[in-house]
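The figures that follow rest on heavy atoms only: side chains count, while hydrogens, waters and symmetry mates do not. For ligands, and for the atoms within them, numbers begin at 1 and follow the listed sequence.
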Amino acid sequence: MSKYITTPIYYVNGEAHIGHAYTTFIADTMARYERLKGEDTFFLTGTDEHGQKIEESAVKAGKQTQEFADEISAKFKNLWDEFGISYDKFIRTTDEAHMKGVQKAFEVMVAKGDIYKDFYEGHYCVSCETFFPETQLVDGEFCPDCGRTTSVVKEESYFFKLSKYEDRLLEHYEANPEFIMPKSRASEVVNFVKGGLRDLSVTRTSFSWGVKMPKSIGDDKHVMYVWLDALLNYVTALGYGTDEAQMDYWPADVHFVGKDILRFHAIYWPAFLMSLDLPLPKHIGAHGWWTRDGEKMSKSKGNVVSPKEVADAYGVENLRYFMLREVPFGQDGDFSQRAFIDRINSELSNDLGNLLNRIIGMSGKYSDFVIDSKDVEKYHAKELAKMNEVLDSLDVFMENLQTHRYLEELWRLFAIGNGVIQEYEPWVKMKNNQEDEALATVALVANILARAAVMLHPVMPETTKTIADALSFEISQESYQELVIDKKLLKLFNIKKVPPLFPRIEEPLMAEAPKAEPNPPKEEKKEEKSPKNEDNLIEIGQFFETSLKVGTVVEAEEVPKSKKLLKLQVDLGEEKPRQVVAGIKEFYSAGDLVNTQVCVVANLKPAKLMGMMSEGMLLAAKDEDGLCLIRPEKPKKAGTPIG
Ligand SMILES: [Zn+2]
């Protein structure tokens, strides 16, 4: 038997955030778990690099498109390497073999009669690379996802006969209730398909950064549409359409995806595979999103959690543990330092770390760091049975992707270990000439720790190696078989001292996220009522609650149908320019503004104006003669604070 586990390929339009890290951790954990069980496992991750958005981002960054994609792709790969992610292949959609595989797939679909040429006309959002039906547009013209203006695009396109597969898809969901995990997500997919599937436009002529048409089709102006290209990575990674070298791993056991791309994986992808006469993946595992301190993360709020920053502060394995323990698979999770630190201190440090330390300490004191298991069965048959029951219960949780239940259940082992020490008090027995009994208890706990380390290994690969090292055994497929399946005891331990694995954390190690709302409403009310405040005087601190910055307008355009609004992209010295929608069209033309400087209120809550996000406000003064912008007297670097 072999196993094939994938993450989505990550889009190279930005850097990895904590959601990417979560998908990658859970896939890595699953891959490690299967390998531990002796399964021949292939674990794939990679980057999605085609499409108009990448082409445009590269231009903005002043780079060649390939160079730009190379850089961002390398950032993902380096981060996963730094995090010790055990992928077998890192695929890039710009890989030659992938592109050949996509062309091959297209030819097969053509031969199958599933591709035809027609015209596509629709409301297209460049940013989202998506056509939207008129009914979904905001105010008849704005993208429902990003708020940007859509444009009506009519272009020649090849279509995939998605509608042809409607019935087969519904049959498949019906016959395979675990195809979509968690099952609670299946109904949204089923209902979507039942609502009727339209054929899918799968090529574009409006940009060129994509996989070219196969030569046999001879229609050079078309490139593959991004989903056809991207989804096929799961088979081209195994050599589909080229050497087919690893196609034995197909079908995939689990495609891990975020819930936002479930539809593409649960509808388009199986339909493509049906067209290619390939078997369908066994499971699509759709996970939820992460918030920070209960709030949606966004760049404009400045509260995006960088996985690198957390890993640098707390250790990557603690982060893995937290994320996999905190949230039931499929549901949204919340990252807060408080909850994170609590789990480290109580579960990792107290339950696990202290137990190991006590065993190291007792073995040193009582038996010169040698632990013999000869009397464990004699004195602790009851606890052994309990331990084995826990071990047998674990597999089903992992196979159902319920890592939080898996870890919760696994922690019962430490409860047994800590409980038995408290109950049998080996230190008392040592004094009362019951040495055999005391040492049997220590040996029982050492065996519990060894089993727990094996089962925790997929989640915390390095930490558990240290535990195994302290207990003088190795975590491997063999020790999994002996300790977990055959329930054998380790006969003899030569205990090694190790430094505490999880030092208690007293204070947060990272800066807290900026508060979304400037503090307590109570005070504001008080001030409103305060008679002393008649002159509207404020404290200097109140002034500095407003973040004012110098910005450079890099782009400006009119908002169609609006008399007042201009849409600007303003560089504030951040990773990318902010979109600011400003009511200044009567006084400034778009062209006048580009490359000029403005003063921006930078910490306003983002607002939607005519369906467009605005992430800042320009300072301006208006009297009966009209409006003028407030600008720095001399050019200043973009992002310079004003105060
Ligand atoms: Zn959009």
Side-chain angles (χ1 to χ4, degrees), residues 8-15 17 19-20 48-61 68 72 120-155 157 192 198 200-207 209-210 223-231 257-265 267-268 289 296-301 304 554-562 565-570 574-582 590 606-616:
I9 43 175
Y10 301 118
Y11 204 44
V12 294
N13 207 25
E15 289 184 27
H17 57 64
H20 297 120
D48 178 9
E49 306 179 16
H50 286 133
Q52 193 166 5
K53 228 192 293 186
I54 305 297
E55 216 172 42
E56 289 175 352
S57 296
V59 171
K60 263 186 205 156
F68 178 80
I72 310 259
Y120 195 93
E121 182 170 347
H123 302 270
Y124 187 68
C125 175
V126 172
S127 180
C128 302
E129 284 170 11
T130 310
F131 280 95
F132 293 98
E134 189 138 22
T135 51
Q136 280 184 23
L137 297 182
V138 176
D139 295 337
E141 64 174 312
F142 303 113
C143 171
D145 285 354
C146 72
R148 291 184 173 84
T149 312
T150 58
S151 43
V152 175
V153 172
K154 181 173 180 177
E155 63 174 275
S157 172
F192 188 88
R198 305 213 308 204
L200 199 65
S201 160
V202 291
T203 67
R204 291 285 180 270
T205 55
S206 50
F207 62 93
W209 184 243
V223 295
M224 306 286 179
Y225 168 62
V226 76
W227 280 108
L228 179 66
D229 167 12
L231 288 165
V257 300
K259 63 182 180 184
D260 52 325
I261 53 171
L262 171 62
R263 194 193 291 172
F264 305 101
H265 282 79
I267 300 173
Y268 299 178
W289 286 334
K296 215 177 150 179
M297 281 184 259
S298 76
K299 272 191 191 159
S300 54
K301 281 189 201 157
V304 176
V554 290
E555 275 178 48
E557 60 179 284
E558 300 194 350
V559 174
K561 287 195 207 159
S562 169
L565 297 181
L566 287 182
K567 188 174 75 173
L568 314 176
Q569 305 297 328
V570 183
E574 296 165 337
E575 199 179 342
K576 63 176 204 192
R578 297 241 201 133
Q579 174 163 297
V580 175
V581 180
K608 262 194 178 178
L609 298 171
M610 284 193 76
M612 293 169 298
M613 286 309 293
S614 182
E615 305 169 315

Supply the atom-to-atom distance Met612 CE to Asp139 CG, rounded to the nearest 0.5 angstrom. 9.5 Å
So, Glu615 versus Gln579: side-chain donor-acceptor pair below 3.5 Å or not? no
Test Arg578 against Glu574 for salt bridge (charged side-chain N to carboxylate O under 4.0 Å, His left out), laying out the working first. CA-CA 8 Å; Arg578 297 241 201 133; Glu574 296 165 337; 2.8 Å; yes
At a cut-off of 2.8 Å, list the protein N/O/S atoms near the Zn ion (ligand 1), residue plus atom name. Cys125 SG, Cys128 SG, Cys143 SG, Cys146 SG
Output the distance between atom CG (Asn13) and atom CD1 (Ile54), rounded to the nearest 0.5 Å. 4.5 Å
With a distance cut-off below 6.0 Å to the six-membered ring centre and an angular limit of 45° from the axis, does Arg148 pair with Phe142 as a cation-pi contact? no
Roughly how far, to the nearest 0.5 Å, is the OH atom of Tyr124 from the OG1 atom of Thr150? 11.5 Å
